[in-house]
**Q** 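My questions will all concern the structure given below.
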Amino acid sequence: MSRNAKINSLLLLAVVLLAVLPLVLGLGDHKEEPFTGADTEAQTAITEIKPDYEPWFSPLYEPPSGEIESALFALQAAIGAGVLAYYFGLRRGRRQGEERALAQAGGPATAPEAAPRGAEDPTAREV
């Protein structure tokens, strides 16, 4: 098993443990809604400390139901994951292109691989 595979396996195990351990250990059993968000927890704490507190502003958009709110949150997470995947894919592609260019420039003189139509330089094509 390669070093990267070991690291990826350990990271996957850590993510699974972070998701499963709170459920197995019963960390939220004493609460009515055990796994509510931080906003709800903060609102409850503020109300307990100062019951007459009034927020400074109200939300610009209040979803009509919890399901829509969850869907919007999932959409936000998917867009963020897409942006990160694009960035890391772009970095990897550039690195691989640089490695190929260095290998072709520094390696023995060989016949260039068949380039796609319109490509003037075989080292400049996208992978």
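Everything numeric here is computed off the predicted structure, so don't read it as measured data.
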**Q** Between L84 and F88, is any pair of side-chain heavy atoms under 4.5 Å apart?
**A** yes
**Q** My understanding is that a hydrophobic cluster links ILVMFWY residues whose side chain heavy atoms are under 4.5 Å apart, including indirect links. Using that, what else belongs to the cluster containing I7?
**A** L11
**Q** How far does OG1 of T47 sit from CG of D52, to the nearest 0.5 angstrom?
**A** 10.5 Å
**Q** Measuring from atom CD1 of I68 to atom CG of L72, what distance do you get when rounded to the nearest 0.5 angstrom?
**A** 7.5 Å
**Q** For atom OH of Y87, is the number of surrounding heavy atoms from other residues, nucleotides or ligands below 6.0 Å larger than 12?
**A** no
**Q** Roughly how far, to the nearest 0.5 Å, is OH of Y53 from CD of E48?
**A** 15.5 Å
**Q** Rounded at 0.5 Å granularity, tell me how far CZ in R95 sits from CD in E99.
**A** 6.0 Å
**Q** Do V24 and V16 belong to the same hydrophobic cluster, where Ile, Leu, Val, Met, Phe, Trp and Tyr are linked whenever their side-chain heavy atoms lie under 4.5 Å apart, directly or via other members?
**A** yes
**Q** Which pairs with one or both residues in residues 65-78 pass side-chain hydrogen bond (donor to acceptor under 3.5 Å, both in side chains), sequence neighbours excluded?
**A** S65-E67
